[in-house]
Amino acid sequence: MPKLTINGTEVEVPPGYTILQACNQAGIEVPHFCFHQRLAIAGNCRMCLVEQEKAPKPVASCAMPVADGMVVHTNSPLAQKARKGVMEFLLINHPLDCPICDQGGECDLQDEAMAYGKDRGRYQEAKRAVRAKDFGPLVKATMTRCIHCTRCIRFAADVAGVPDLGGTGRGENMEVGTYVEKALTSELSGNMIDLCPVGALTSKPYAFEARAWELRKTESIDVVDAVGTNIRLDARGQAVLRILPRVNEDVNEEWLSDKGRFVVDGLLKRRLDRPYIRRNGKLVEASWPEALTIAAERLGKASADRIAAIAGDLCDVESMLALKEVMTSLGSTNLDCRQDGAKTPAAVRSSYIFNSAIAGIDKADVVLLIGTNPRQEAPVINARLRKRYLKGGFKAGQIGPFFDSTFPVTALGEGPAVLQALVEGNHAWLDVLKSAQNPMIIMGSGAVARADGLAILDLACRLADAVGAVREDWNGFNVLQRAASRVGGLDIGFVPGPGGRDLDGILDGASKGEVEVVYLLGADEFDVSRLGNAFVIYQGHHGDAGAGRADIVLPGAAYTEKNGTYVNTEGRVQLGRLAVYPPGEAKEDWRVLRALSEHLGRALPYDSLPQLRQHMLSLFPLFAQVDDVVATAWQDFGVQGPVSGADFAYPIDTYYMTDPISRASPTMAECAVSLAPNPLSKTGTHG
């Protein structure tokens, strides 16, 4: 490995490193604007100039490869003078917007101007101005502040795979924009806000809301999909004002989907903040004792086989466990957390998790997508697939309807017949999978949410064995879940017990009068009209479909308002944390269920969250492995049987409207209208 001397200290770095990377490794700070470790090198801003011995002039450290024996000075008088000159040029046209700029307090240009800026300007010419641009409802563009670092352009083209942005013109006439006026259409566009080193790109919904130093910061987990993106909740008073990503190399690197970032205003709208009871056909306000008493009476009067519970997509593990134990105490085994009707078996963990882990995508050389559109179901995972494609030596095939992909995908067909042909050895793509060193199969949750779901799972399991996707050092069989609660619910067995009903059984029973009482824990993603005349108890945080059908409404807490455990699609146990308290009389979900159990005369054996978690660990030791992916034994799963000829259908119709919080968000509503994809579009990169 090459060795170089930086500021008198010898440093050894891997081949291919630049001087800037070598300085970072040695803990030496070099100012920069355009360089970013996850983007292609541009060398635009020149702020990272350093002195290299024997070089005729200062060199841009971000673009200069390291050579053996190189001697570099990062703070010599020459380097300092060069940076001051660059800063003076950068500030020639930059407006004095700091008092009104949302980037204030978090601005790289502010920080570097303090270190390298002069106390006065020497230029008398008029400053350049750029016409206002509209990038859509999410990103606010004030391009007069732009310093042409091109981070946003490189992110859109390389990471997001949707090259909406580019530069037009040259010199001081250069402008960054969308060529023709249009909204940014990537599901990851909000990350440009984090990447922008100045105030050119800021959050439009967050504009003029708060300053960075006013906010209380809480580390938590995103729940709008099943990726488990690490996030930071920034709150002031009793409101979360913005959501930002945190770095986790194994899960989301440093990216966050637009829905996870901008859904924040939905946390304040259509909230359930007090109990309600239906009287004379209308929901009216009630007290907690009154609501819990009536709920307990209805549950206590019904026989065990006529009571059922359904858990929603945003539930934490603690609340699902508490509900399961309440139902078990009543003798009911009619439970289901798969409100999309998936047939995933809870007994075999490898049948419902992303076995290779998300970081395992980096090792795969062939991937087969079965009934999944990762761009909408998990944008962060889709970005990782594109990253793997850009490294080269990667092929992707797809079984399912066309979708606008961000990397080349070979369309193999739209239905299970293709999967059957692969298993039977009658398809040319079988050789592609067999020849791969690390083949990967990614099955969408929608692919098993069919009547023949178990047969589909059986075919996928057999295909994984046939192509060598599962071996001692590699498990490339992956299920891409969409619901943040799904893996955790399956882990604790929130599924029908012996003789119990699943989702379809519960709904059919309710419509026929065979199920009298249905308890919905934040469950809104099914046809509530199928509940018939059943007495419905809804516990949740938003006035969505479930609350509208309910006979009793018990207000719960959103994910930003409680401490809870979630398990992402790869089976990683993660902790969400309370940033603000629930509104009004709403309570944490497990507390509501603990109080209900007491009204039933069957008090649960815990009175605090630590006690509940200790109880949970005694039943399921898996939850002690926080932030780790636990290896899962491979077993056969699924059931051989006839497969329907119906094509796979993707479960998401509108990316921006998939849960009660996003449906309550004005920002997401605007996105659903202005960023709706053209159904006739065939502009993807399918092969």
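Below, all heavy atoms of this structure are taken into account, side chains as well, without hydrogens, waters or symmetry copies.
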Under a 3.5 Å distance rule, please check whether [X] uses its side chain to pair with a backbone N or O of [Y] as donor and acceptor.
X: Asn252; Y: Arg246; answer: yes
X: Arg388; Y: Arg384; answer: no
X: Ser332; Y: Met327; answer: no
X: Arg613; Y: Phe623; answer: no
X: Lys259; Y: Tyr655; answer: yes
X: Ser329; Y: Arg602; answer: no
X: Arg232; Y: Pro245; answer: no
X: Asp465; Y: Val470; answer: no
X: Trp288; Y: Glu585; answer: yes
X: Glu570; Y: Val629; answer: no

Kindly compute the distance separating [atom1] ([X]) from [atom2] ([Y]), expressed to the nearest 0.5 Å.
X: Gln625; Y: Leu617; atom1: CD; atom2: CG; answer: 10.0 Å
X: Leu330; Y: Tyr519; atom1: CG; atom2: OH; answer: 11.0 Å
X: Ile221; Y: Ile231; atom1: CD1; atom2: CD1; answer: 7.0 Å
X: Glu325; Y: Arg594; atom1: CD; atom2: CZ; answer: 11.5 Å
X: Ile361; Y: Ile442; atom1: CD1; atom2: CD1; answer: 5.0 Å
X: Glu290; Y: Ile552; atom1: CD; atom2: CD1; answer: 9.0 Å

Next on the checklist: Could you work out, with side-chain hydrogen bond (donor to acceptor under 3.5 Å, both in side chains) as the rule, every residue matching Arg298, not counting sequence neighbours?
Outcome noted: none

Checklist entry - Would Arg38 and Glu254 count as a salt bridge (Lys or Arg N to Asp or Glu O under 4.0 Å) if you check the C-alpha gap in whole Å, the side-chain angles of each, and the deciding distance to 0.1 Å? => result CA-CA 9 Å; Arg38 302 190 197 278; Glu254 60 184 80; 2.8 Å; yes

Side-chain donor-acceptor pairs under 3.5 Å in residues 353-360, sequence neighbours left out?
residue	atom	partner	partner atom	Å
Asn355	ND2	Ser350	O	2.9
Asn355	ND2	Ile353	O	3.3
Asn355	ND2	Phe477	O	2.6
Ser356	OG	Asn478	OD1	3.4
Ser356	OG	Asn478	ND2	3.0

Next on the checklist: Tell me if the NZ atom of Lys217 is crowded by more than 12 foreign heavy atoms within 6.0 Å.
Outcome noted: yes

Checklist entry - Is the number of heavy atoms from other residues, nucleotides or ligands under 6.0 Å of Asp636 CG greater than 12? => result no

Item to check | Step-by-step salt bridge (Lys or Arg N to Asp or Glu O under 4.0 Å) determination, Lys587 to Asp589 | outcome: CA-CA 6 Å; Lys587 310 291 183 184; Asp589 292 294; over 6 Å; no

Checklist entry - Can you tell me if Arg577 and Thr218 form a side-chain donor-acceptor pair at under 3.5 Å? => result no

Measure the shortest side-chain to side-chain distance between [X] and [Y] over non-hydrogen atoms and say whether it is less than 4.5 angstrom.
X: Ile310; Y: Glu525; result: no
X: Tyr559; Y: Leu314; result: no
X: Asp316; Y: Thr565; result: no
X: Asn373; Y: Ile652; result: no

To check you understand the geometry: which heavy-atom pair defines the closest contact between [X] and [Y], and what is its length?
X: Met668; Y: Tyr656; answer: CB-O, 3.4 Å
X: Cys461; Y: Phe637; answer: CB-CE1, 3.6 Å
X: Arg572; Y: Asn568; answer: N-OD1, 2.8 Å

SB check [X] [Y] (cutoff 4.0 Å):
X: Asp194; Y: Arg261; value: yes
X: Lys562; Y: Glu318; value: no
X: Glu588; Y: Arg591; value: yes
X: Lys343; Y: Asp504; value: yes

Just distance, no hydrogens or angles: give the donor-acceptor pairs under 3.5 Å from side chains in residues 486-497, sequence neighbours left out.
residue	atom	partner	partner atom	Å
Arg486	NE	Cys337	O	3.2
Arg486	NH1	Asp340	OD1	3.3
Arg486	NH1	Asp340	OD2	3.3
Arg486	NH2	Asp313	OD1	3.4
Asp491	OD1	Arg349	NE	2.9
Asp491	OD1	Tyr352	OH	2.6
Asp491	OD2	Arg349	NH2	3.1

Next on the checklist: I'd like to know whether Lys301 forms a salt bridge (Lys or Arg N to Asp or Glu O under 4.0 Å) with Glu297, so could you lay out the CA-CA distance, the side-chain angles of the two residues, the decisive distance to 0.1 Å, and finally the verdict.
Outcome noted: CA-CA 6 Å; Lys301 287 180 181 178; Glu297 286 177 357; 5.0 Å; no

